[in-house]
Structures are given as structure tokens and as C-alpha cells.
Asker: 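First the structure, which I've put down as C-alpha cells, then a few questions once you've had a look.
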Amino acid sequence: MKTYLVTGGAGFIGSNYIHYMFRKYGDSIRIINVDVLTYAGNLENLRDVENRENYMFIRADITDKEAIQKIFAEHEIDRVVHFAAESHVDRSIKNPEVFVKTNVLGTAVMLNCAKAAWEQPDGTFAEGKRFLHVSTDEVYGSLEEEGTYFYETTPYAPHSPYSASKASSDMLVKSYIDTYHFPANITNCSNNYGPYQFPEKLIPLIINNALQGKTLPVYGDGKNVRDWLYVDDHAKGIDMVMEKGRLGETYNIGGHNEKQNIEIVTIIIDTLLEMLPKSDPRRELVSRDLITYVEDRKGHDRRYAIAPDKIRAEIGWEPETMFAEGIRKTIQWFFEHEEWMKNVTSGDYQKYYEDMYQNR
Ligand code: NAD
Ligand code: DAU
């Protein structure tokens, strides 16, 4: 039975990945979820799996070398899937340092501890040990022209403190591959959406605000383009790279689903109006009139678009959920998890929202 150490498993993509893996592999794998539970980490996301015998949660900080060493000493880890990070661009613009600490130092600690645990006396690594570093398309910078895409060979050109920290972490992983032949892969994925996404990110924020009749903040001219992927398709891609990827390689993950932000916002409004029953009082609140153009994000990247040619050709990965279906599934999930939304938006979220949006 393979043991996976998943970092950041209480966050958005990590928790969806853990659900995906248990749906796919059932009792034939073991997962240890290591998460320090920042504002973005939420054990409610894992209620369905917390009593499984093949699941364990350990609260630890990935920058805490001793804590991570202890986990590797106490458990025979076969695979590391490294999600843990500070992930929100706007927060990185206000407070970059924690991004450097978690994303760069944290990745260095994870790499070092895995290397120390896995390296054999002759400097090679035992068969089956693998480290997958989950990264982002933002490391490639910004595309201006339609019809251009990010390939694995595109030079890195990060702009925000978040993407600079992720680019640095990717470089560290590459350095371990080149220097030690460390058994790792990197995946660079486009924007994810789906259940359990924290409402600081565009899609859950718009759903949550619209249902309360609050303004829908659109940065700049609303024409920035993101390439949206349903989170289960990302989880599937990570699993396929872990199983079939060539060691040392980078794979871009994205489903050719580019949309301007303003399109996303209007699709959400229209879908909410379609899905809410006539008797639901929230229906009266949802309206395009809520759209409010606000001050742009500093250094706002104009367009991201992934070319997923390599992962398709080498590994056979294809996205399964088209946007029209994925957004309905996501909205349905938020309808069914009002309590989840209430819990994550109480307390600190109010202060975050005021700080981030009051002067925009
Ligand atoms: P998230 O912010 O929802 O979750 C991050 C998780 O990491 C949280 O559970 C948090 O508690 C944990 N964490 C943060 N600092 C930690 C530390 N020092 N020690 C241990 N745990 C810590 O993020 P997400 O959106 O799920 O993103 C997960 C990963 O995927 C990140 O590495 C991100 O860069 C990458 N990624 C995200 C997207 C996206 O669209 N969200 C797209 C591509 C890549
Ligand atoms: O591309 C992958 C990246 O996608 C990940 O690496 C990041 O972790 C993830 O947060 C996401 O980054 P973005 O900055 O693209 O996502 P966000 O949801 O914050 O914003 C999406 C777009 O919507 C972006 O162009 C900014 C805009 N936006 C965002 C918010 C929160 C608005 O117009 N209004 C808003 O209130």
C-alpha cells in the first residue's frame, strides 16, 4: 500500500484531491495530510474522510524542519504531493513576506526532508519514491496576444510576489532534479474552480456576493483573461502525472477554457437566475446591476492560457468537465453548503474584505 504525504490538504485543491484519491483508490492507498491550518485551511472540507483508517491529519507547518523530519521518520512515505502554499495574489501584494516564507522556504524544507528520507547510501533514490510539486501557470507571466499560449518551455517571467515565490519554489525543485536526480515532477496549472474554494477568489466571491445582493467587484476593465479548469480535472492530472509522468519533467495542466473576467461574472449571474427557484427570496437580489468596476489589481497580468499538448500526448490527460457544467456543479455545491460559506466568512473574512475592497 502506497503512503501519500499531502501538504496543504485542508485547502481548496488539496481537499478536492484527497476526495478524488479516495474515490478512485478507496482503501488501497494511505494519505497523511499535513497542514498548519491558515485562514485558508479548513478541516470541515475533509469531514467525509476524517474517520477513514487510511487517512491521518497532522497539524504542522511546512517551514518547521523538525516537525517535517519527524513525519518522515515516523512514516514510510512513498509519495509527496506538495500543495501547501499561500495562494492569493491580492494578499501577496499587501503582505509578500509570508509568501516567501511558506512558498520558498516551505518547499525547500519539504524537498530536503524527502531527500534525506529517500536517498540511498549510493546517492540514488529507491524505485517508487516520487515528489510532485503543484505549481501555477502564473510563473510564465502574462500573455498579451490571443492565440499565444504557455508551454513548458516558455521562459519564467513572474510579476506578483505570489507568482515570484511560486517560480522560486519551482526553481528549487528543478535544482534538486538537476543536482541530485531527485525523483520529482512539477505541474503548472491554470485557474481552478469548484467546491470548497475560499471566497477571496473570483468565482466563489461573486457567487457569495450575488446571493446577498452585494456589489460584484470587477478589477480594471474586466477584460483580463483566465483559463478555468474544474478542480477534479486538476486532481486527475496530478494523479496521472504521478503515475505516468517521466521523472524530472514539468507538465502544464489546462483545458483551453479562456474567459474574460466580465464573462465569468455574467455567466454566474445568469446561471444563478436559471438555477434559483422562483420562490427563493435570493432571486430578487441577483442582478447584473450589482456589477461594479473597481480599481485594478496592481501589476495585473492580462491573460493566461495553457497549452496542455504535452500532458495530452505523453500521458493521455483530458479535461472532463466543460465550463457550463462545472459552473452549475459549483453553484449547486454552494447552494447545498450555505453553512460552510457562513462559517468561512464569519470573523476574519469581514476584516479582510473591508481592507481589500473599501478603498477600491
Ligand atoms: P489554498 O490557499 O486554498 O490552500 C492552501 C493550503 O495550504 C491551506 O490548507 C493552508 O492551511 C495550507 N498552508 C499554508 N501555509 C502552510 C504552511 N506553512 N504549512 C502547512 N500548510 C500550509 O490554496 P489552493 O488554491 O488549494 O492551492 C493549492 C496549491 O495549488 C498552491 O500551491 C497553489 O499555488 C497551487 N495552484 C492553485 C491554483 C488555483 O487556481 N487555486 C492553480 C494552480 C496552482
Ligand atoms: O492561474 C492560476 C492561479 O489562479 C493560481 O496560481 C492562484 O493560486 C489562484 O488564486 C488564481 O490566481 P488569480 O489571481 O488568477 O485568481 P483570482 O480568483 O484572485 O482572480 C481571477 C481574476 O479575477 C483576476 O484577473 C483578478 C480578477 N478579480 C478577482 C477578484 C478576487 C476581480 O476582478 N475581482 C475580484 O474581486
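Counting starts at 1 for both ligands and their atoms, in listed order.
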Asker: Quick check: are there more than 12 heavy atoms from other residues, nucleotides or ligands sitting under 6.0 Å from NZ of Lys101?
Answerer: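 For Lys101, atom NZ is not crowded (no more than 12 foreign heavy atoms under 6.0 Å).
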
Asker: Is it the case that the side chain of Glu152 and the backbone of Asn252 share a donor-acceptor pair, with hydrogens and angles ignored and the cut-off at 3.5 Å?
Answerer: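 Yes; judged by distance alone, with no hydrogens or angles, the pair exists.
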
Asker: Considering heavy atoms of the protein only, find what lies nearest to atom 14 (O) of ligand 2 and give residue, atom and distance to 0.1 Å.
Answerer: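 Going by distance alone, atom 14 (O) of ligand 2 is nearest to Arg297 NH1, 2.6 Å.
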
Asker: Check each of Gly220, Gly222, Pro217 against atom 34 (N) of ligand 2 and report the one with the nearest heavy atom.
Answerer: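 Heavy atom nearest to atom 34 (N) of ligand 2 belongs to Pro217.
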
Asker: Give the atoms of ligand 2, by number and element, whose distance to some non-hydrogen atom of Tyr162 is under 4.0 Å.
Answerer: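 The atoms of ligand 2 under 4.0 Å from a heavy atom of Tyr162 are 5 (C), 6 (O), 7 (C), 8 (O).
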
Asker: Hey, does Met356 sit under 4.0 Å from ligand 2 if you only count heavy atoms?
Answerer: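 Checking ligand 2 against Met356, which is what was asked, there is no heavy-atom contact under 4.0 Å.
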
Asker: Whether the side chain of Gln350 engages the backbone of Thr345 through a donor-acceptor N/O pair (distance < 3.5 Å, no angle test) should be reported.
Answerer: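 Checking the backbone N and O of Thr345 against the side chain of Gln350, a donor-acceptor pair under 3.5 Å is found.
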
Asker: Looking at side-chain heavy atoms only, is the closest gap between His75 and Met56 below 4.5 Å?
Answerer: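 Result yes, sub-4.5 Å side-chain heavy-atom pair found.
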
Asker: For ligand 2, does Asn191 get within less than 4.0 Å through its side chain, its backbone, both, or neither, judged by non-hydrogen atoms?
Answerer: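 Contact part for Asn191 vs ligand 2: both backbone and side chain.
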
Asker: Does Lys166 have a heavy atom less than 4.0 Å from any atom of ligand 2?
Answerer: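 Flag not set, Lys166 not near ligand 2.
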
Asker: What's the verdict on side chain to side chain donor-acceptor pair (under 3.5 Å) for Ser160 and Ser163, showing C-alpha distance, side-chain angles and the deciding distance?
Answerer: CA-CA 5 Å; Ser160 72; Ser163 55; 3.1 Å; yes

Asker: List every atom of ligand 1 that sits less than 4.0 Å from any heavy atom of Thr38, numbering the atoms from 1 in the order shown and giving each element.
Answerer: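 Heavy-atom distances to Thr38 below 4.0 Å select 10 (C), 11 (O), 14 (C), 15 (N).
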
Asker: With respect to atom 12 (O) of ligand 2, which of Gln260, Glu138, Arg303 exhibits the smallest heavy-atom separation?
Answerer: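 Residue with the shortest heavy-atom distance to the ligand atom: Glu138.
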
Asker: Between Lys201 and Pro204, what is the shortest heavy-atom contact and its length?
Answerer: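 Smallest interatomic distance, heavy atoms only, reads O-CD, 3.3 Å.
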
Asker: Relative to ligand 2, is Val89 under 4.0 angstrom through side chain, backbone, both or neither, heavy atoms considered?
Answerer: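 Near ligand 2, Val89 shows its side chain, while the N, CA, C and O stay back.
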
Asker: Which part of Lys201 is near ligand 2, with near meaning a heavy atom under 4.0 Å away: side chain, backbone, both or neither?
Answerer: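 Both of them.
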
